[in-house]
Number of protein chains: 2
Amino acid sequence: MKNLDESLLTDIPPFRKLQNAQIREILDSAIPKRFDAGVSVFEEGMDADRFYLLLDGHIRVIRTTPEGEQVIALYIASGQLFGLAPALGRKQYPATAMTADECLTLSWPTRIWPEFVAKYDGFATETYKIVGSRVDEMHSRIVEMATQHVEQRVACSLLRLINQTGKKVAKGVEIEFPITRQNISEMTGTTLHTVSRLLSAWQKAGIIVSGRRKITVIKPDELVLLTGAKA
Amino acid sequence: MKNLDESLLTDIPPFRKLQNAQIREILDSAIPKRFDAGVSVFEEGMDADRFYLLLDGHIRVIRTTPEGEQVIALYIASGQLFGLAPALGRKQYPATAMTADECLTLSWPTRIWPEFVAKYDGFATETYKIVGSRVDEMHSRIVEMATQHVEQRVACSLLRLINQTGKKVAKGVEIEFPITRQNISEMTGTTLHTVSRLLSAWQKAGIIVSGRRKITVIKPDELVLLTGAKA
DNA sequence: CGCCGTCTTGACTCGCCTCAACCTCGGTGG
DNA sequence: CCACCGAGGTTGAGGCGAGTCAAGACGGCG
């Protein structure tokens, strides 16, 4: 457990300003853990006893309605902190974190959060920037849902996914974790049927290529047009 | 300007733990300002050079789409901090703050934010709790928009409004600032026509009483039923 | 090989948006 | 004091986007 390499953290904004010795300290107090695809790291309503850093893999942040429907609030890409409830004074996690593929995390007990903030210069600031960008993304989602049609929302979500977690490949940008039509419908507030129809149409139009749990965007600019960026 | 009363701040969470002398200091560095109804305190995209406390009145936080449609992200009630962009490392305001009625604010330059955080015990923690509750509310909005029908969303929004800013009156709870059908439609992602129809129906059913720019909820529990709280 | 999770496609239905006309206040100015 | 005007609100008719229902195809895994 003490053999984690310092280089794991040096490129991650909240830790970037720290000395090697400090990073050593932080790593030594971290618990690393591996998760299979499709399992939950923590669940909505659970006591927020730890906060996490995603070293590798992708995570879906999910809220479940009383009726059992799921809504995907956002995706976390590797290198990001998550489970930041303690930073916002929350005693419980407000949502479930579910792995989209195999994931590797570090985590620390909530109790030492104040210590991190006090002791490590720039940690708080950088972390709150992350929160800020998530707030911003949520804002955008609300506006999208309020004003745009399903087709535009799905296009927006795809673009967001390839921007945040896309991998450039031969003929386009591919989403590097398994994602189903159902997942996309849960991000956009629609049904898997409608998503399937849209993706089929876009595939015919040569904008994307998609297979089982896999989507590659060939012409991102065409997608941008579909989002309704007019005039 | 130096004659602001300390009692203004003593009941407001971020300042609650402070000594009178500290509150004096804070007040002395604040600029008070009055706003008419329907004007903007700051606008989306403006440099976030100040952060605010709403002493009296109500504020709408608005985002405008490229097409000029407006979406109301949330309402701020008196006693709340807003314009917290600096707390999240934002250089510009992510949304416009528009007064719903006559408003009284205090404000401080962004530049002294770090000083506030460092100097005043509990200030940061309490402020981030506010951010946390706003994030939570946005989360809920996203889930609502994704899963619920218009009628349910409007019911949810009304309930949220009376919980946050409702005033108990003779025969129910009234929203204490002017609000139009259009405003509600901008909160729920629908049209003023649909909102008008719904409110008419609810009025006939005796659930609410509404007039020009004014809504009073008579039977909140009936509204709760309409939100789809089943089983 | 058979099963299950994923994806596709068609047909039908209906909630809500759009279009349109009209009403009702409250404020303003002659 | 009243006529006017504009913002806010109401209500009907019609159409379409997208959800629902239904039936199957495809591909991977045990």
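Chain identifiers are assigned alphabetically (A, B, ...) following the order of the sequence lines, protein sequences preceding nucleic acid strands; residue numbering begins at 1 within each chain. Note that these values count all heavy atoms, side chains included, but never hydrogens, waters or copies made by symmetry.
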- [ ] Give a yes or no on whether the backbone of B:Cys156 and the side-chain of B:Thr227 come within a donor-acceptor separation of less than 3.5 Å.
- [x] no
Open item on the list: For a quick test of reading the model: is some side-chain N or O of B:Arg181 closer than 4.0 Å to OP1 or OP2 of D:dT10?
Closed with: yes
- [ ] Apply the test salt bridge (Lys or Arg N to Asp or Glu O under 4.0 Å) to residues A:Arg63 and B:Asp136: give CA-CA distance (whole Å), side-chain angles for both, the deciding distance (0.1 Å), then the verdict.
- [x] CA-CA 11 Å; A:Arg63 273 215 164 178; B:Asp136 210 48; 3.0 Å; yes
- [ ] Compare side-chain N and O positions of A:Arg213 against OP1 and OP2 of C:dT6 and report whether any pair is under 4.0 Å apart.
- [x] yes
Open item on the list: Can you measure A:Ile208 atom CD1 to C:dC7 atom P for me and round it to whole angstrom units?
Closed with: 12 Å
- [ ] Mind calculating the distance between CG (B:Leu198) and P (D:dG9) to the nearest angstrom?
- [x] 14 Å
- [ ] May I ask you to evaluate whether A:Ser196 reaches the phosphate of C:dT8, defined as a side-chain N or O under 4.0 Å from OP1 or OP2?
- [x] yes
Open item on the list: Please determine whether a side-chain nitrogen or oxygen atom of A:Thr194 lies at a distance below 4.0 Å from atom OP1 or OP2 of D:dG17.
Closed with: no
Task: Nearest-angstrom distance from the residue atom CZ of A:Arg197 to C1' of D:dA22 - done: 11 Å
Open item on the list: Test your reading of the model: is there a side-chain donor-acceptor pair from B:Asp47 to the backbone of B:Asp49, 3.5 Å cut-off?
Closed with: no
TODO: Using whole Å, report how far NZ of A:Lys214 lies from C1' of D:dG28.
DONE: 16 Å
TODO: Please state whether the phosphate of C:dT9, meaning OP1 or OP2, lies under 4.0 angstrom from any side-chain nitrogen or oxygen of A:Ser200.
DONE: yes
Open item on the list: So, OP1 or OP2 of C:dT24: does either fall under 4.0 Å of a side-chain N or O from B:Arg212?
Closed with: no
Task: Donor-acceptor pair, side chain of B:Thr188 and main chain of B:Arg153, under 3.5 angstrom - done: no
Open item on the list: So A:His193, base contact, sugar-phosphate only, or nothing? Heavy-atom distance under 4.0 Å.
Closed with: base
Open item on the list: I need the CG-C1' distance between B:Leu192 and C:dC16, as an integer number of Å.
Closed with: 13 Å
TODO: For A:Thr190 and for B:Gln203, locate the closest nucleotide of DNA chain D by heavy-atom distance; then report the residue assigned to the nucleotide nearer the 5' terminus.
DONE: B:Gln203
Open item on the list: How long is the straight-line distance from CD1 of A:Ile130 back to CD1 of A:Ile12, given to the nearest 0.5 Å?
Closed with: 9.0 Å
Open item on the list: Looking at C:dC17, I'd like to know if its phosphate oxygens (OP1 or OP2) sit under 4.0 Å from a side-chain N or O belonging to B:Thr191.
Closed with: yes
